[in-house]
Structure formats: structure tokens, C-alpha cells
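This is a predicted model, so every value here is computed, not measured.
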Number of protein chains: 2
Amino acid sequence: MPRSADLTRKCILEAAYRLFRRQGYSRVSMDEIAAAARLTKRTLYYHFRSKDDLLARVLEAQHELALQAFQSFADQMTGSAEAIVEAMFRELAVWVDKPRWAGSGFTRLVIELADLPGHPARTIARRHKAQLERSLADLLGRAGIERKEELAREIWLLSEGAISLILVHGDRGYSAAAMRAARTLVRHHTEVPASTRTKRRYVQRRPSRTALAS
Amino acid sequence: MPRSADLTRKCILEAAYRLFRRQGYSRVSMDEIAAAARLTKRTLYYHFRSKDDLLARVLEAQHELALQAFQSFADQMTGSAEAIVEAMFRELAVWVDKPRWAGSGFTRLVIELADLPGHPARTIARRHKAQLERSLADLLGRAGIERKEELAREIWLLSEGAISLILVHGDRGYSAAAMRAARTLVRHHTEVPASTRTKRRYVQRRPSRTALAS
DNA sequence: GGAAGTAAATTCACTATGCAGTATACTTTG
DNA sequence: CAAAGTATACTGCATAGTGAATTTACTTCC
């Protein structure tokens, strides 16, 4: 067998991920990927059935890497929940500050395919986000948070929101705001044990239907 | 002059928005838009210079509508900040529950064009989000919040995060989590006037660089 | 009132290009 | 040699954008 197939596949996956992450799915052609991987298109189709298949495999590979990275981050973290969350958002700030940053690969690709619920890439992305959220919850649990799932989800919301808004505005200040909000939420979860949470709220007169339909 | 041009333009804009919102930018063809508007493609090019131009105009039009909708929502709101924010997230929950919902048109389109900072659509979307954030801050200010810009930004982060995650997961539960978090943040901003906010935090040993690079 | 003029609005038919995917032949290595 | 891997050259289709004719409704002048 000439030129180990594994190497070729890895090379293709990496080149494809770089392009997909920067330019999304449909705006990247198989020819471009082939060129970036220094191969011909035909070789791509030898290793992957189709463009959609390639995307799915790319996301799978990135899922592994990201999960590993998060685990190694989590393993280093032993302090308070507040310290953990601060470290997370510091990482986020560093990450989004990269010069040609163009959003989370997963989020970006899934949003592009938002109207194709059956697409394999979506399934993988869903699993990915779910698993990361669970890992964060575990980490928070180890730091003594009681309602760890709740907090993890809230933190995750802030992080995704920051990514999205930084992308829209180009204003990196959102990561600072997210960190500040996250700090508040963590404190609330540590200081207030588990009560005064689901109090009945009074309701304003019925609001217009489309206020947020932006 | 045959068939008032204004009407035709409106019709095109509406058809284009419906398609763009559902399927994104690149996966919608001018032919499809023309068909949806019951016109020929050539007519589209009579009214709009290019596909990119059309997109920009579509977003401009939606900007007007969304802003108006938010204002009419804001004008009805007179209660406490907490009530306002709750109403907002209730709206969000209703909105994302629409059967064929596929994300905020703005967010979705801007993310698709994330690597094209010069695109006119991006400029418009940026202005849009900024203006809505400012309107929310005003509303919160009127409800007695002191650091209204801070809170508005935090709320906005939660809302964008929810949209993004609901899109990825298909799990509408995120809007409930966002509302819960928002409630916490509002309370923090009302109960704690404006202190104990920027305390020095202790730092964990340096975290790995790529933990969040998903 | 109506014919003729006119410019806006719209259509049909077309070009050119880009792209996913393929048929087939060649090359490398065990 | 044989099988895994790679390259050249191609098909067919979708799509952004265009050239030129044609229709439409409003104005002007008799």
C-alpha cells in the first residue's frame, strides 16, 4: 500500500476543517479542499463518500480533540467553582482574540445546516455540545455546586451567546460581559443553597407577539 | 408605469427574507427567490444590483420591522425590570417554538458570512443588534436599573446563547434556562446597588490553551 | 375622449462559470 | 503480481448575471 491511508485521511480532515471553520460549508468546494490537502479531488472521493460525509467525519474528529482538550483543562482545575468559570472565560477571551477567528466550527456549521434536521453533521454536533455541557456540570459538581446541571447550562448559554455576539459585532468586549454575568450566576448558586429560586412571578399585560423576531 | 415598483420590491424582499431565514444565504438561489415572488429572475436584477445587494436590503427592511416590534413591546412594559425581562424571555420561548423555526434571521445570516467582514449585510446586522441592545438598556433604565448597559448586555448574551443552543440541540429547554439565569442577573442588579462587583479574583494555575476551541 | 408617445417594469432566452461527483488509467508498496 | 492509493480528464447540472425585445400605464396633445 502506498502512502499510508491514515496519514492521507488525517491530512484531508485537517485541511477540510480549516476551510469549513473559516468559510462555512457551502462556500468551500471539494476542489479547494483537495488543493489545500495537496491532493486531487478524486483522492478525496476515494476516502470519503461525499462532501456531506466528509463534513460529518471532520466534526467527529474535532469532537474528539475538543473533548480531550476540555478534559485536560478540567483535570487541571481544582479550585472553587468561581475560579473554574473565570478560567473558562479567560480561555474564551484568548480564543476569540485570534486574528482570523470566525466562530466556533461546530456552532457555525450547525447553524448553516439549521434547516436540515436529518443531516449527520447535526447529530454529531448535538452530541458534542451535550457532552461538553455534561463535562462542565461534572466539573462544577466536583467544586461543590449542588445544582450543577442548572449552572452548567447557564454558563454554557453565556459562552455561546458571547461567541455569537462577538461574531456579529466584532466587539470582543462581550467576553468580558459574559464573564461578569457568569461570576454573578456562580455566586448565586454558591451563596443561595437551593431555595427562593422558583417563586411565582407576576405577569405584565400581554406583550406583542413579534417583539424579538429579529 | 406598470405594476407599481414599490409593491414588487416589497414582494421580492418578503419572499427573499422567508427563504434566507429558512435556508441561509448561499443555499438559496435567485431563481428560487424569483419563483417565490412570482417573477422572473431578470426582474430581480432590475430592482436589485446583485444577490448581495438584495440580502443587504432584506436585512435593512427586517431591521425596521424588528425595531418597531421591540418598541411597541417596550411601550407596553411599565413594571419592574424583573417583569420586563421575564416577558422578554416568554416571548423568546413562544418564538422559538414555531414549527419551522430556523434561528434568528440576522444571527444566522451574519454567522454564515462571518469571514467576510466587508459585506454590507454585516454592517447592517451589527447596527441592528447594537440598536436593540440600546433599546433594552433604555427600557431597563426606565425601570430603575442603574447599570442598565451592563445588564442589557448580559441579558442579550443569554438571549443569543439560547437561540444558538436551541438551534444546535433542538431542545427548547434552553429558553427556560436563559430566563432563570436572566432573573438571577436582574435580581443581582437590583438588590446589589453598585458595589462588590469588581473584586479581585484569585487565579488558578495556567490553563491549557485550547480547551474551548470547539 | 382617444390616439400616440414614453419610460418604467417585466419577460424570454442566453452565457459563462463553478462545482459535486465519476470513468479510467497509472503508480506505489507489500 | 495484486491491491491500495493517486492522477488526469471528463459529465452534467445548478446558478449568478445579462442582452434585447415586449408589455404596461401614465402623460400629452389634438
Asker: Whole angstrom is fine here: how far is it from CD1 in B/Ile33 over to C1' in D/dT15?
Answerer: 12 Å

Asker: Please, which pairs that meet salt bridge (Lys or Arg N to Asp or Glu O under 4.0 Å) have at least one residue in residues 26-37 of chain A, sequence neighbours excluded?
Answerer: A/Arg27-B/Asp115, A/Asp31-A/Lys41

Asker: Expressed in angstrom and rounded to an integer, what is the separation of B/Tyr46 atom OH from D/dG19 atom P?
Answerer: 16 Å

Asker: Please list, chain by chain and in numerical order, all residues satisfying ring-ring contact (aromatic ring centres under 6.0 Å, His included) with A/His119, sequence neighbours excluded.
Answerer: none

Asker: Please enumerate all residues that pass side chain to side chain donor-acceptor pair (under 3.5 Å) together with B/Thr40, with sequence neighbours excluded.
Answerer: B/Thr43

Asker: Write down the distance between CG (B/Asp6) and C1' (C/dT10), rounded to a whole number of angstrom.
Answerer: 16 Å

Asker: Could you tell me the separation between the CZ atom of B/Arg9 and the P atom of C/dA9, rounded to a whole number of Å?
Answerer: 10 Å

Asker: Rounding to an integer number of Å, can you tell me how far B/Asp53 CG sits from D/dG17 C1'?
Answerer: 13 Å

Asker: N/O contacts under 3.5 Å, protein versus nucleotides 15-18 of chain C?
Answerer:
none

Asker: Identify whether NZ of Lys or CZ of Arg in B/Lys51 sits under 6.0 Å from the centre of the six-membered ring of B/Tyr45 and within 45° of that ring's axis.
Answerer: no

Asker: Less than 3.5 Å apart, which donor and acceptor atoms pair up between the side chains of residues 168-175 of chain A and the rest of the protein, not counting sequence neighbours?
Answerer:
residue: A/His169; atom: NE2; partner: B/Ala130; partner atom: N; Å: 3.4
residue: A/Asp171; atom: OD1; partner: A/Gly173; partner atom: N; Å: 2.6
residue: A/Arg172; atom: NH1; partner: A/Asp97; partner atom: OD1; Å: 3.2
residue: A/Arg172; atom: NH2; partner: A/Val96; partner atom: O; Å: 3.3
residue: A/Tyr174; atom: OH; partner: B/Glu133; partner atom: OE1; Å: 2.4
residue: A/Ser175; atom: OG; partner: A/Arg172; partner atom: O; Å: 3.1

Asker: By nearest heavy atom, map A/His47 and B/Tyr25 onto DNA chain D; which one lands nearer the 5' end?
Answerer: A/His47

Asker: Just jot down the ring-ring contact (aromatic ring centres under 6.0 Å, His included) partners of A/His47, sequence neighbours excluded, or say none.
Answerer: none

Asker: Could you go over nucleotides 21-23 of chain C and give all protein N or O partners under 3.5 Å, atom names and distances?
Answerer:
residue: C/dG21; atom: OP2; partner: A/Tyr45; partner atom: OH; Å: 2.9
residue: C/dG21; atom: OP2; partner: A/Lys51; partner atom: N; Å: 3.0
residue: C/dG21; atom: N7; partner: A/Lys41; partner atom: NZ; Å: 3.0
residue: C/dG21; atom: O6; partner: A/Lys41; partner atom: NZ; Å: 2.7
residue: C/dA23; atom: N6; partner: A/Arg42; partner atom: NE; Å: 3.1

Asker: For B/Arg122, give me all partners under side chain to side chain donor-acceptor pair (under 3.5 Å), at least two apart in sequence or on another chain.
Answerer: none

Asker: Without decimals, in angstroms, what is the distance between A/Leu7 CG and D/dA4 C1'?
Answerer: 15 Å

Asker: If only side-chain N and O atoms of A/Thr40 are considered, is one of them under 4.0 Å from the OP1 or OP2 phosphate oxygen of D/dT8?
Answerer: no

Asker: Who pairs with B/Arg18 by salt bridge (Lys or Arg N to Asp or Glu O under 4.0 Å), at least two apart in sequence or on another chain?
Answerer: B/Glu14

